[in-house]
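Basis for what follows: all heavy atoms, side chains included, without hydrogens, waters or symmetry-related copies. Computed from a predicted structure; not experimentally measured. In listed order, ligands and their atoms are each counted from 1.
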Amino acid sequence: MSLYVNKNKGFEQAEPMTRECPHCGAHAQLLPVAAPSFDVLAQTKPKHAGLLFRCAACNEPRFLRAAVRSIGAERIELAPNLVEVERTRERFQYAYLPDSVDQLLRETLDCYSLGAHNAFATMCRRTTRTALRTLDGTAKRRWQDALREVLRVCEVDAVAGNTVETVLFADEGDPPTITPDEAAVLVEAIKDLFYQSYVRTAKLRAAMKMRRFFAGESLSKVTPIDRSDRRELA
Ligand SMILES: [Zn+2]
């Protein structure tokens, strides 16, 4: 896909571009809003140009950066691999978390979104420890078992699996240095652990409470058969 800034017609995009939106989550088209003028690019000859789009689904602004490929007399060509300036934030149903865990998990996932993978790993351990302190004494064992099951189901190799387990649960030493690939496993693993422990549990409890409430309601509305009356009538 080619992108051009023309001398006369301004910004030109050969075909529509769709991407996942960090604001609304939709896989929506990016509609051009603003691009640097031909004159400014031709005069300053920057390595990169910033472009402003908007999300077709939610209308939020989307900022992208493109390398300037060539500067011609009539048009400037931009490299097609646009870099999203604003990173997609990881989503989580934070409302189900206790306050002490909520803020920590947000910052943990923000570290991942920023690509600060070792900061992310360090925060994963801190957040996991804080969460386990809010739960009962057997929670750590259950979380370790749940993690192993996830790693097995997702066929994660032993080295990455071991790194993730050490990051989350080791009692001593600093978390190991992690690769982007291991960080990708770790982010899904920690989201799954917190989901299972807080979100799923709270949703199940609420659903069961509701069903039992209605079960009790309908039972109390059934009029019991009074056998003595029937005998009298007979
Ligand atoms: Zn959007």
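Note on the Zn ion (ligand 1): protein N, O or S atoms under 2.8 Å away count 4, no waters included.
Within 6.0 Å of CZ in R89 there are 12 or fewer heavy atoms belonging to other residues, nucleotides or ligands. D99 CG: 12 or fewer foreign heavy atoms inside a 6.0 Å radius.
Classified by interplanar angle (parallel below 30°, tilted 30° to 60°, perpendicular above 60°), the ring pair F194/F92 is perpendicular.
With contacts defined as side-chain heavy-atom distances shorter than 4.5 Å, the pair E107/T127 does not qualify.
Side-chain atoms of R75 and N6 include no donor-acceptor pair closer than 3.5 Å. Using a 3.5 Å distance cut-off with no hydrogens or angles, the side chains of T138 and D136 do pair a donor with an acceptor.
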